[in-house]
Structures are given as structure tokens and as C-alpha cells.
Chemist: 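This is the structure I want to talk about, given as C-alpha cells.
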Amino acid sequence: MDALLHDTSFWVGVAFVIFVVLAWRPLSRTLVTALDERAETIRNNIDEATRLREEAQALLASYKRKQRNAAQEAEEILRHARSEAGRLKEQAIADLEALLARREQQALDRIAQAEAQATAEVRGLAVDLAVAATRRLLTERAGGVAAAMLIDQSIKQIDEKLH
């Protein structure tokens with residue numbers, strides 16, 4: 001062992017071990033602190049990435065929900081437009097039928113009015129012809145003032161009865 005105490009290699013080894021033991025504590029604290037900071041930075045990055053991922057998923061779900069709502073709203077608008085178009089079509093058909101019925105009734109009224117007017121004109125002409133014929137017959141068969149009075153009286157009676 002004496003030889004070991006005189007050996008420089010031994011003392012270099014002992015000095016090295018003492019140096020390592022003395023340097024280990026501050027070096028390990030620095031190393032542990034650096035590793036802890038690195039771990040904390042990584043943990044923060046992971047937490048931030050997780051939070052961003054959750055936000056992205058929530059945003060995606062929100063947009064999907066909005067897209068579904070928009071699609072449903074578009075379908076509802078189309079359904080409403082189709083029903084409104086059907087209702088307007090039915091209304092237009094009903095209005096057209098009513099217009100045609102009114103026009104037909106107006107035409108029938110005009111025809112009836114024209115018939116009534118024609119009938120009145122024919123009656124008026126028939127009365128005039130009957131009066132004229134009666135006047136001529138009575139004038140030919142009856143003579144004088146009495147005949148003229150009889151004719152005038154008959155004309156008045158015919159005129160009253162026919163009108």
C-alpha cells in the first residue's frame with residue numbers, strides 16, 4: 001500500500017474522484033435544472049398542442065353543426081318554396097277559373113240582354129204591324145167618323161195590352 005501512496009497515478013485518480021464528487025453536486029443541480037426546464041417546456045408545448053387540438057376539434061364540430069343546420073335550413077326553404085309554388089299555382093288556377101266563369105256569365109248576360117232586346121224589338125214591330133193592319137181593315141170595312149173612333153179606341157186598347 002505504501003507503493004500506492006507514492007504512485008502519482010493513484011493521486012491523480014483520487015484527485016479526479018474528489019473533483020468529480022465536488023463538481024457533481026453543482027453540475028448535477030445545473031443539469032437537473034436544465035432537464036427540468038426542458039421537461040417543463042416540453043410539457044407546456046404538449047399542453048398547448050392538446051389545448052389547440054381540442055379547440056380545433058370543437059371548432060370543427062361547430063362548423064359541422066352549422067353546415068348541418070344550413071343544409072336543413074336550405075331544405076326547409078326549398079320545401080316552403082315548393083309548397084308556396086303549389087299554393088300559388090292552385091290560386092292561379094282558381095283565379096283563372098273564376099275569371100273564365102265571370103266572362104262566361106257576362107257573355108251569357110249579354111246574349112240574354114240581346115235576346116230580350118231582340119224580342120222587344122220584334123214585339124214592337126209586331127204591335128206596329130198589327131195596329132197598322134187593324135187600322136187598314138177597319139178603315140176598309142168601317143167607314144166614317146164612328147169607324148175612326150172605333151179604330152182609335154181599339155188601337156189604345158191594343159197598345160195598353162201589348163206594352
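Atom set for the values below is all heavy atoms of this structure, side chains included, hydrogens, waters and symmetry mates excluded.
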Chemist: Between E73 and N69, does any side-chain donor sit less than 3.5 Å from a side-chain acceptor?
Modeler: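 Looking only at side-chain atoms, N69 and E73 do not form any donor-acceptor pair under 3.5 Å.
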Chemist: Looking only at side-chain N and O atoms, does D109 offer a donor or acceptor that is under 3.5 Å from a partner on Q105?
Modeler: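 Indeed, the side chains of Q105 and D109 share at least one donor-acceptor pair under 3.5 Å.
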Chemist: Are L99 and D95 close enough, and set up right, to give a side-chain contact (heavy atoms from CB on, under 4.5 Å), and what steps lead you there?
Modeler: CA-CA 6 Å; L99 177 66; D95 290 347; over 6 Å; no
Chemist: About how many Å separate NE2 of H80 and CD1 of I77, when rounded to the nearest 0.5 Å?
Modeler: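 Answer for the CD1-NE2 pair, I77 versus H80, is 9.0 Å.
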Chemist: Walk me through whether L100 and E104 qualify under side-chain contact (heavy atoms from CB on, under 4.5 Å).
Modeler: CA-CA 6 Å; L100 291 175; E104 182 181 359; over 6 Å; no
Chemist: Report, as yes or no, whether the 6.0 Å neighbourhood of atom CD on Q113 holds more than 12 heavy atoms from other residues, nucleotides or ligands.
Modeler: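 Open: at most 12 neighbouring heavy atoms sit under 6.0 Å from CD of Q113.
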Chemist: Which value, rounded to the nearest 0.5 Å, describes the distance between R25 atom CZ and R29 atom CZ?
Modeler: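 R25 atom CZ to R29 atom CZ measures 5.5 Å (nearest 0.5 Å).
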Chemist: Identify the residue among E90, Q91, E97 that makes a side chain to side chain contact (heavy atoms under 4.5 Å, CB included) with I93.
Modeler: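 Per the side chain to side chain contact (heavy atoms under 4.5 Å, CB included) rule, the option paired with I93 is E97, out of E90, Q91, E97.
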Chemist: With hydrophobic residues grouped by side-chain heavy-atom distances under 4.5 Å, do V14 and L22 end up in a single group?
Modeler: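 Yes; tracing contacts between hydrophobic side chains, which count when under 4.5 Å, links both residues.
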Chemist: Could you check if a side-chain atom of N45 sits within less than 4.5 angstrom of a side-chain atom of T41, using non-hydrogen atoms only?
Modeler: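 In contact.
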Chemist: Considering residues, nucleotides and ligands other than Q67, do more than 12 of their heavy atoms fall under 6.0 Å from its CD?
Modeler: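 It does not: Q67 CD has 12 such atoms or fewer within range.
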Chemist: Between W11 and I18, is there shared hydrophobic-cluster membership here, with clusters defined by ILVMFWY side-chain heavy atoms closer than 4.5 Å?
Modeler: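 Same cluster.
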Chemist: Test your reading of the model: is there a side-chain donor-acceptor pair from S62 to the backbone of A58, 3.5 Å cut-off?
Modeler: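 Flag not set: sc S62 to bb A58 has no pair under 3.5 Å.
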Chemist: Could you list all the salt bridge (Lys or Arg N to Asp or Glu O under 4.0 Å) pairs where at least one residue sits in residues 54-67, not counting sequence neighbours?
Modeler: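 Qualifying pairs: R51-E55.
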Chemist: Using 4.0 Å as the upper bound for N to carboxylate O, is an ion pair formed by R43 and E40?
Modeler: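 Result for this pair is yes, salt bridge flagged.
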